[in-house]
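Down below is the structure, laid out as structure tokens.
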Amino acid sequence: MTRKIALVTGGSRGLGKDMALALSKKNIDVILTYNANKDAANEVVASIVANGQKAVALPFDVENLAGYDDFLNRVLTVLKTHWATDKFDFLINNAGIGATIPIADATEAAFDQLMNIHLKGVYFLTQKSLEHVNDHGGVVFLSSGTTRFCVPGYSIYSSLKAGVEVFTKYVAKEYGSRGIRSNIVAPGPIETDFNGAAIRNNPQMKNFLASQSPLGRVGNADDIGSVVAFLCTEDAKWINGQRIEVSGGLNL
């Protein structure tokens, strides 16, 4: 059986780490990226190998669009040396940063940084990667529950994520002839170190957000990774162009 391979950006910690581990449990090999913490990335690789799958970690600065071609060349090198191929099957656009910026305090510099990471970078990494994705593969994007409901301070971040939601449908439309599926997962509030571990470090915020969910809690990383992994399996072969909110029913 041909091994499936997923490329997960930002796979060394938080949601991306759980995505990488969840994919390996679905018998999918993983190339994961990290920005600075090589040791953390290597720990994820070791866990994936312990699950019986292959894995490699590569450095990748999502904000540096000028480095995308070099990064994809490294991906191709790793594919040849570890898998004897020049293609992979799934692109998981996960890497990102958080920032709480009221509209009145927004600056062009902050806007441009978030745009490069969350929209422009995602667009062009996807564009450049798709020629290396096998037919009948897929792309999974990450959005946010805050494209459906508003959280003060998230106007830039959420507007960019809304743009990615539209782009998701265009990828599904333009690459469907190759059997490539494109979907976007929108987490609700998750207790990770994202955005300075805002939820974890603020019990009052955490309790409030938990009270807004019918299930009475905020999310954990492993609430998201399993959904992303599912979208990369044959069980999800007829799911395409969809926004899937994974928020425990927040703000119904």
Item to check | Minimum heavy-atom distance Ile97-Tyr157, with the two atoms named | outcome: O-CE1, 3.7 Å

Checklist outcome for this item: Sorted by chain and residue number, the side-chain hydrogen bond (donor to acceptor under 3.5 Å, both in side chains) partners of Asp223 (sequence neighbours excluded) come out as Arg217

Item to check | Atom of Gly16, atom of Val8 and distance for their closest heavy-atom approach | outcome: O-CG1, 4.0 Å

Checklist entry - Is there side-chain contact between Leu65 and Asn116, with at least one heavy-atom pair below 4.5 Å? => result yes

Item to check | Cluster check Leu231, Tyr170: I/L/V/M/F/W/Y, side chain < 4.5 angstrom | outcome: no

Checklist entry - When you look at Ser213 and Val218, which way does the side-chain contact (heavy atoms from CB on, under 4.5 Å) test go after all the steps? => result CA-CA 8 Å; Ser213 169; Val218 297; over 6 Å; no

N/O donor to acceptor pairs below 3.5 angstrom from side-chain atoms of residues 144-151, sequence neighbours left out:
{"from": "Ser144", "atom 1": "OG", "to": "Thr146", "atom 2": "N", "distance (Å)": "3.0"}
{"from": "Ser144", "atom 1": "OG", "to": "Thr146", "atom 2": "OG1", "distance (Å)": "2.6"}
{"from": "Thr146", "atom 1": "OG1", "to": "Ser158", "atom 2": "OG", "distance (Å)": "2.6"}
{"from": "Thr147", "atom 1": "OG1", "to": "Ser144", "atom 2": "O", "distance (Å)": "3.1"}
{"from": "Thr147", "atom 1": "OG1", "to": "Glu165", "atom 2": "OE2", "distance (Å)": "2.6"}
{"from": "Thr147", "atom 1": "OG1", "to": "Arg243", "atom 2": "NE", "distance (Å)": "3.4"}
{"from": "Thr147", "atom 1": "OG1", "to": "Arg243", "atom 2": "NH2", "distance (Å)": "3.1"}
{"from": "Arg148", "atom 1": "NE", "to": "Glu245", "atom 2": "OE1", "distance (Å)": "2.8"}
{"from": "Arg148", "atom 1": "NE", "to": "Glu245", "atom 2": "OE2", "distance (Å)": "3.2"}
{"from": "Arg148", "atom 1": "NH1", "to": "Asn251", "atom 2": "O", "distance (Å)": "3.4"}
{"from": "Arg148", "atom 1": "NH2", "to": "Glu245", "atom 2": "OE2", "distance (Å)": "2.7"}
{"from": "Arg148", "atom 1": "NH2", "to": "Leu250", "atom 2": "O", "distance (Å)": "2.6"}

Checklist entry - Got Thr2 and Asn134 here, is their nearest side-chain heavy-atom distance under 4.5 Å? => result no

Checklist entry - Would Thr85 and Ile5 satisfy side-chain contact (heavy atoms from CB on, under 4.5 Å), going step by step from the backbone distance to the final call? => result CA-CA 10 Å; Thr85 183; Ile5 307 164; 4.1 Å; yes

Item to check | Phe88 vs Leu79 side-chain heavy atoms within contact, under 4.5 Å | outcome: yes

Checklist entry - Do the two ring centres, one from Phe124 and one from Tyr68, sit under 6.0 Å apart? => result no

Checklist entry - Which heavy atom in Pro214 sits nearest to a heavy atom in Gly249, and how many Å separate them? => result CD-O, 3.0 Å

Item to check | Aromatic plane relationship, Phe167 with Phe141 - under 30° parallel, 30 to 60° tilted, over 60° perpendicular | outcome: perpendicular

Next on the checklist: Do Val139 and Phe90 have side chains that approach each other closer than 4.5 Å (heavy atoms only, starting at C-beta)?
Outcome noted: no

Item to check | Nearest non-hydrogen partners of Gly14 and Ala221, listed with the distance | outcome: O-CB, 4.0 Å

